Structures are given as C-alpha cells and as structure tokens.
4 protein chains.
Amino acid sequence: MQVNEQTATELARRKQITDAAIEVIADLGYGKASFARIVEHAGLSSTRMISYHFADKSDLVMAVLVSAIAAGDEVLDARIAGVVDRVELLRAHIEARVEYLRTHPKHLRAVVEIGTGAREPMYAVVLRDFRVGRLQRQLHQGQREGVFGQFDTAVVAEAVASALDGAAQRAAAEPDLDLTAYGRELADLFTRAVRP
Amino acid sequence: MQVNEQTATELARRKQITDAAIEVIADLGYGKASFARIVEHAGLSSTRMISYHFADKSDLVMAVLVSAIAAGDEVLDARIAGVVDRVELLRAHIEARVEYLRTHPKHLRAVVEIGTGAREPMYAVVLRDFRVGRLQRQLHQGQREGVFGQFDTAVVAEAVASALDGAAQRAAAEPDLDLTAYGRELADLFTRAVRP
Amino acid sequence: MQVNEQTATELARRKQITDAAIEVIADLGYGKASFARIVEHAGLSSTRMISYHFADKSDLVMAVLVSAIAAGDEVLDARIAGVVDRVELLRAHIEARVEYLRTHPKHLRAVVEIGTGAREPMYAVVLRDFRVGRLQRQLHQGQREGVFGQFDTAVVAEAVASALDGAAQRAAAEPDLDLTAYGRELADLFTRAVRP
Amino acid sequence: MQVNEQTATELARRKQITDAAIEVIADLGYGKASFARIVEHAGLSSTRMISYHFADKSDLVMAVLVSAIAAGDEVLDARIAGVVDRVELLRAHIEARVEYLRTHPKHLRAVVEIGTGAREPMYAVVLRDFRVGRLQRQLHQGQREGVFGQFDTAVVAEAVASALDGAAQRAAAEPDLDLTAYGRELADLFTRAVRP
DNA sequence: TATGAATGAGCATTCATTCAT
DNA sequence: CATGAATGAATGCTCATTCAT
C-alpha cells in the first residue's frame with residue numbers, strides 16, 4: 001500500500017520545473033536564474049506555475065539541491081561499492097565526483113553555482129554535507145587506520161571539494177576537456193598528498 | 001607638458017569608489033553588489049557618481065580586480081623574494097596567498113566573488129592569470145628541473161587556486177579560523193603532492 | 001418532503017470557514033484577509049474549498065456579517081430585555097455593545113474591519129442597520145416622549161456607533177483595557193448628552 | 001540665506017505625488033491605493049517615478065499624513081485663535097475638524113483611511129496625536145479648572161475623534177450632507193456631554 | 001461533496017543607465 | 001567635476017477565480 005502525499009501530476013510538474021531550474025542555474029548562474037528564465041526554459045505558461053508548485057524561490061532551489069545531490073550520491077555509491085582499501089576509496093571518491101560531472105554536468109554545476117552564488121545560510125548544511133561530509137569521515141578513518149599521514153582532515157576535505165568545484169568551472173569553459181583524465185590526475189594528486 | 005590623463009581628484013574618487021565596491025562585493029557577493037549599495041557604503045550622493053567615473057559596471061569591476069590583484073601580488077612578491085628552492089617557492093606561494101587572505105580579506109574575497117559570480121568573459125583572462133598564471137609556470141619549471149614529479153600542471157595549479165578559493169569561503173564563514181595554520185596545512189598538502 | 005436546501009455537512013463547512021474568516025479579518029484586517037490566509041487558519045486543504053462553498057468573496061464576507069451581527073444582537077437583546085426607561089435603554093444598548101466586544105472581540109472587530117475596509121456598497125445596508133438602525137429608532141422615540149432633548153438623531157446615533165468602533169480599535173491595541181468601565185463611561189457620556 | 005536640502009523640482013514632484021496619493025487613498029481606500037493607481041492619477045509615466053522620490057510605500061504614506069495633518073491643524077489653529085472659554089474651545093475644536101472635512105474632504109478622508117486600513121504601527125504615533133492629542137489635553141485642563149465634569153478624558157477624546165471619523169464616512173456617502181450643521185450638532189452633543 | 005491544477009493581472013521594489021545641465 | 005531627474009525592464013510573490021474531474 002502506498003500513501004502518496006502528492007499526486008503523480010504534481011510530482012511530474014515539480015520534476016519538470018526542477019530540471020529546467022537545474023539547466024538555467026548551471027548555464028546562467030544562480031544570480032541570473034529568475035523564474036521567468038526557468039519558465040521559458042521549461043516551456044511553461046507563466047511564472048505563476050512555479051509559485052503554484054513551490055512555496056518560494058528557496059523552496060525550488062532546495063528541490064534542485066536535493067535532486068542534484070541525490071544523483072551525485074548515486075554515482076558515488078555505484079563507484080565505491082566493494083572498494084575497501086582506504087587509498088583506493090579516496091581515489092574512487094574523487095573519480096566518482098568527476099564522473100558525475102561528466103555524466104551530469106548541469107547537475108553538478110548547478111550545485112556549485114548555488115554554493116557560491118546563494119547567500120542564504122539555508123542551503124549551507126546540505127551543501128557542506130555534499131561537499132565534505134563523507135570525504136572528511138573517510139580521511140579521518142584512514143588516519144585512524146594509519147593509512148594516511150597526519151593532516152587536518154577539514155583542510156584536505158575542503159581542498160578536494162574545491163578542486164572539484166574548479167574542475168566544474170573548467171569543464172564549463174572547455175567543453176572538450178578530457179574529464180576522465182582530469183579525474184585521474186586529481187585522484188593521483190590527492191592520494192600522493194595523503195600518504196604518511 | 002602634461003602626462004597625466006587623470007587628475008588627482010579623479011583618481012581619489014575612483015579609489016574611493018573602488019574600495020567601497022571591494023567591501024560590498026566581498027560582503028554581499030557579486031550578485032547583490034549594486035551601484036546603490038556601493039554608493040551607500042562609500043557615502044556618495046547618488047549612483048550617478050559611479051556612472052560618471054566609470055564607463056559601466058564592468059569598468060568598475062575591472063578596476064576592482066586590478067586593484068585587488070595588485071595588492072595580492074605585492075604580498076606574494078614580498079614573500080617569495082629571495083626564495084630559490086622550487087619546493088620552498090611553492091610553499092611560499094601558497095602561504096603568501098593565505099597571508100593575503102588574512103591581511104586583505106575583503107580584497108581576496110572580492111576577487112573570488114567576481115570569479116565565481118560574474119559571467120562576463122571579460123574578466124576571464126585577468127582572473128586566470130591571477131589564479132594559475134605564475135603558479136603553473138612555477139610548477140612547469142619545477143618539473144623541468146626534476147624537482148617535481150610528472151603531473152598535469154594545469155590540473156594541479158587549478159587545484160591549488162581552488163583550494164585558496166575554498167579557504168576564502170571558510171574564512172568568511174569562520175572569522176576565528178587560524179589562517180596561518182591553514183596556509184601551512186595547504187602548503188604541506190601540495191608540497192607532498194608534487195613530490196616525484 | 002425536504003425543506004433544507006443545505007445538508008448538515010454543508011452548513012458545518014460554511015460555519016468552519018466563516019469562523020476562520022472572522023478571526024482572520026479581525027486579526028489582519030479586511031485588506032489582508034485573503035482566501036489563502038483563511039484557508040490556512042481553518043486548516044483546509046486549498047482555497048478551492050472556499051470557492052466551492054461560497055459564490056465569491058463578497059458571499060463569504062456577507063456570511064461573516066450575518067453571523068457576527070446575529071451574535072451581537074443576541075447579546076443586545078439579552079441586555080435590554082425588560083428595560084423600559086428610555087435613558088436606561090440607551091445605557092443598556094451602549095453597554096451591551098461593549099459587552100459584546102468583550103465576549104466576542106473577534107466578531108465585533110471583524111464587523112468594524114469590514115465596515116471601514118470594504119468598499120463594496122453591498123454590505124452598506126446591513127452594516128448601517130447594525131450600527132445605527134435600532135439606536136436611531138430608540139433616540140427618536142425618546143424625543144417623542146420628551147425624555148430626550150432636540151438633536152439630530154442621525155448624528156447622535158452615528159456618534160454612538162463610531163464611539164463603539166473606536167472602543168474596538170482601542171481594545172485591539174490594549175488587550176488589558178477594562179471594557180466594563182469603558183462601556184460605563186461611554187454610557188455616562190451619551191446619557192448626559194441626550195438630556196433635554 | 002537658505003540651505004535647501006531638496007531642490008524646488010524635487011519638492012514639486014513630491015507634492016504632486018503626495019497630492020495624487022491623497023486623492024487615491026481617499027477615493028479607493030488604503031488597501032486599493034497602489035502605486036499604479038497613484039501614478040495614473042498624477043499623470044506620471046511610471047511607478048518608477050514614485051520609487052525614485054520616496055524610499056518606499058510607508059515613506060509616501062507618511063508624507064501624506066504629514067501633509068494632511070498640517071492642513072488640518074492649520075484650519076484648527078485659525079478657528080481656535082483667541083478662544084479662551086473652555087467650552088467654546090471644545091466647540092471650536094470639533095467644528096474646526098468638521099470644517100476641515102468640508103474644505104479638505106480628501107485630506108481628512110485619507111487620514112481616516114490610513115488610520116483604519118493601515119496596519120503598520122509606524123503611523124500610530126502621528127495618528128494618535130492628530131486624533132486625540134490636543135483634544136485630551138484640553139479636556140484634562142477643563143477638568144482641572146472645574147469647567148468640565150469628571151469623566152475619563154481618554155474615553156471622551158476617543159469618542160470625539162471617532163465621531164469625526166464617522167462624519168467623514170457619512171460625508172463620503174452623502175455628498176450633499178450639510179457639514180456645517182453636522183459640526184454644530186456634534187459640538188452641541190459633546191459640549192452637553194462634558195458639563196459637570 | 002470535494003479537489004487538483006492552473007491562470008492573468010497586479011503588487012512594491014530594484015536594476016544599471018542616460019539626458020540635460 | 002558633478003549632479004538632479006528620470007526611465008524601461010525585470011524581480012519574486014499574492015490575488016480571487018475557473019476548469020475539469
């Protein structure tokens with residue numbers, strides 16, 4: 001038995017709008033992503049449509065974040081499944097994020113845009129969790145197991161996350177960038193960096 | 001004969017406006033940094049003042065970039081003067097940027113905000129040069145001298161630059177952050193990472 | 001044979017909505033009392049619920065008026081029952097209205113808000129009747145009996161009604177106001193004023 | 001020598017807008033008095049014109065209040081000049097307010113509309129002062145001199161003010177109402193009411 | 001009896017920029 | 001060197017109401 005809070009139509013509309021919002025935010029940046037632009041992109045009749053399905057702009061942006069982050073974590077989970085070695089886990093994590101950037105460029109870019117462009121502290125928690133949450137825990141565990149050297153896990157996790165932000169920026173500017181190679185390079189870089 | 005294109009008054013006004021713009025962009029982000037807000041911060045009478053001294057918004061933003069980058073390079077130059085060892089040079093570079101963040105938080109933050117928030121390709125060249133220009137050349141030279149391992153200098157330079165962006169973000173959120181320690185951690189991280 | 005045009009459910013729903021509307025109008029004023037706000041207050045699912053049970057906004061507002069005025073007249077009838085002396089009748093009338101304000105603050109306040117905030121002449125007749133109808137007839141009768149002096153009954157009735165509006169305003173602003181004393185003062189004031 | 005903070009043009013525009021706002025608020029009520037409606041009435045090009053000359057809506061409304069109240073106090077001052085007898089002073093006060101309603105119907109009506117329709121406590125002080133400020137002080141003084149009986153001056157002042165609100169309402173509905181007679185009736189009413 | 005979905009018009013406010021002096 | 005005055009377009013959001021089940 002299934003107790004739907006929302007109808008199928010409602011969910012479909014929300015998805016349609018959220019998807020359009022992801023594209024617009026990724027392409028134009030958070031600041032320029034207005035309701036009008038999103039409506040235009042989604043082929044809707046008016047901005048009223050968005051206001052009907054989302055309480056306000058932050059509600060829509062949060063839906064974008066949840067959607068994009070879910071897709072990113074899916075790619076991550078698939079990539080790290082079965083990996084046990086700490087160093088390989090770090091490599092898998094970084095490469096999975098870059099792979100996500102390759103398969104879902106708009107999604108990741110939207111997250112980065114919201115992270116850098118939006119000021120409301122509302123998104124801070126979910127963004128921080130996406131960027132450094134798992135990663136920092138992995139680094140910490142690696143240190144406890146003696147596989148990694150002694151470094152500030154917060155600093156390194158932030159550095160890795162920022163490097164991925166930077167990769168998204170470059171990928172947007174250079175569509176022909178070889179992201180698989182880019183991911184490998186980043187993974188090499190940071191696996192070297194965490195050695196004891 | 002007169003070599004000055006601009007009078008002292010003119011220059012002083014431009015500096016007043018540019019300084020206010022730096023503060024506003026750093027505090028509110030590029031997207032929310034309107035003429036009205038800058039005028040208010042600078043204590044000027046109207047936005048007309050800005051339009052009079054700058055051709056348009058991009059002209060003002062470019063002046064902000066030039067000013068902030070000059071200050072940053074000054075700190076960098078002072079820090080790397082006399083350093084010859086390649087690894088120490090990389091360390092000095094990273095620590096100098098974090099020191100700049102510590103001594104001129106608004107300046108660096110404004111640059112980061114423009115880099116992430118502005119879309120106009122107009123700023124791309126000067127931003128790229130500030131972020132990865134020197135750094136990538138140093139990494140390249142280090143590889144040629146056999147001091148660094150073989151890695152994609154563009155990727156590593158971008159990673160370092162992004163890590164500094166991330167440091168600026170964290171510093172804004174956590175005013176009590178020990179930036180000297182943060183800089184040392186980052187320098188440790190990347191000097192380990194570039195070893196052969 | 002069935003005389004009821006409306007079922008019990010229908011009536012219950014209308015009452016639920018009307019009661020919520022009274023509260024919202026009293027608290028937020030006629031201008032800010034939107035369907036959305038009423039729906040929220042009543043705990044209904046959507047504004048569609050209101051549109052279903054009431055033809056349009058004025059239909060709902062009229063129901064509010066009828067309901068609130070009926071409650072007010074009930075208090076009035078109970079208070080003046082048995083009172084024969086003209087002067088005492090005037091006193092009873094005024095004190096009954098203030099008592100109504102004390103026992104049903106939201107109801108009277110809603111009526112006042114509609115009276116001052118709504119522009120549609122639709123409500124004028126019922127509002128006028130509530131405010132000055134009985135009162136003016138009592139004053140007129142008192143004059144004919146020689147108990148009251150010669151004054152314009154319309155002016156005095158309007159003054160009394162307005163004084164009660166003012167009492168409602170003050171009561172809203174000062175919840176601790178002693179309304180019983182306030183009613184006595186008003187009754188004293190106007191009984192003095194109507195003396196021959 | 002005169003040090004103008006504002007230019008003549010600026011002042012003229014503000015007056016043009018304020019006057020239009022008074023008319024619109026008086027005719028349509030506070031709730032329906034939008035920038036668009038005011039602009040239309042004033043013959044301006046766009047609502048942008050209002051936003052340019054007033055910080056926000058409350059700034060405009062406050063200007064309306066100041067303007068209308070100043071005009072009302074001018075009429076009042078002219079009427080009570082030289083009147084020394086307490087009872088005559090009360091009569092003069094009431095008749096002056098009704099005269100003001102007759103000579104500046106839109107002005108007084110706008111004040112009443114703002115008083116009843118606006119919720120922002122911002123206007124409360126200036127409105128209260130206009131409605132009951134002077135009046136209550138006069139009543140109090142009359143009691144001290146033994147000319148008036150013992151009553152709650154706050155209640156009576158509020159009753160007088162409310163009666164004037166009611167007069168404004170009636171005058172709006174009945175353009176042919178003899179306001180001079182109305183004022184005399186109200187003055188008679190309250191001078192009788194305050195007798196010892 | 002109820003409701004999910006949708007809508008066009010309107011709201012106050014902000015934006016960078018321009019004209020005329 | 002400076003400014004007062006003005007502007008068209010856009011912003012997110014709310015409004016009562018209607019259509020189709």
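So you know, we letter chains A, B, ... as the sequences are listed, proteins then strands, and number each from 1. Heavy atoms only: backbone and side chains are in, while hydrogens, waters and symmetry mates are out. Note that the structure is a prediction, hence the values are computed from the model and not measured.
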Q: Check the phosphate of dA12(E) against R48(D), side-chain N and O only, distance under 4.0 Å to OP1 or OP2. Yes or no?
A: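 R48(D) to dA12(E) OP1/OP2: no side-chain N or O under 4.0 Å.
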Q: Starting at the 5' end of DNA chain E and moving along, which residue's nearest nucleotide shows up first, G31(B) or M49(C)?
A: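 Looking at DNA chain E, the more 5' nearest nucleotide goes with M49(C).
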Q: Which part of the nucleic acid, if any, lies within reach of S45(D) when heavy atoms closer than 4.0 Å are counted: base, sugar-phosphate only, or nothing?
A: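 If one applies the 4.0 Å heavy-atom cut-off, S45(D) turns out to touch the sugar-phosphate alone, with no base involved.
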Q: Can we say D27(D) and K32(D) salt-bridge, meaning some charged N sits less than 4.0 Å from an Asp/Glu carboxylate O?
A: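 Between K32(D) and D27(D) there is no salt bridge, as every charged N stays at least 4.0 Å from the carboxylate O atoms.
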Q: Base, sugar-phosphate, or nothing for S34(D), non-hydrogen atoms under 4.0 angstrom?
A: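 Sugar-phosphate contact only.
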Q: For dC19(E), give its Watson-Crick or G-U wobble partner with both distances under 3.5 Å, or none.
A: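 WC or wobble partner is dG4(F).
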Q: Heavy atoms from C-beta onward define the side chain here; which of dC1(F), dC15(F), dC13(F) lies closest to that of R37(C)?
A: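 Minimum distance to the R37(C) side chain belongs to dC15(F).
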Q: Taking only N and O in the side chain of H53(A), is any of them less than 4.0 Å away from OP1 or OP2 of dA6(E)?
A: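 Answer is yes, contact under 4.0 Å.
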Q: Looking at E10(C) and K15(C), does any basic side-chain N land under 4.0 Å from a carboxylate oxygen?
A: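 Salt bridge absent between E10(C) and K15(C).
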Q: Counting just side-chain N and O atoms, does T7(A) come under 4.0 Å of either OP1 or OP2 of dA5(E)?
A: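 True: T7(A) side-chain N/O within range (under 4.0 Å) of dA5(E) OP1/OP2.
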Q: With respect to the side chain of A36(D), which nucleotide from dC11(E), dA2(F), dC13(F) is positioned closest?
A: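 Nearest nucleotide to the side chain: dC11(E).
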Q: Give the nucleotide from the list dT17(E), dC1(F), dT7(E) with an atom nearest to the side chain of Y52(B).
A: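 Among the listed nucleotides, the one closest to the side chain of Y52(B) is dC1(F).
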Q: Students often get this wrong, so: under 4.0 angstrom with heavy atoms, is S51(A) touching a base, only sugar-phosphate, or nothing?
A: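 Base: the residue S51(A), judged by heavy atoms under 4.0 Å, touches a nucleobase.
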Q: Establish, yes or no, whether the cationic atom of K57(D) lies under 6.0 Å from the six-membered ring centre of Y123(D) and within 45° of the ring axis.
A: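 The answer is no; the distance or angle limit is not met.
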Q: Which nucleotide wins on minimum distance to the side chain of K57(A), given the candidates dG12(F), dA16(E), dA2(E)?
A: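 For the K57(A) side chain, the nearest candidate turns out to be dG12(F).
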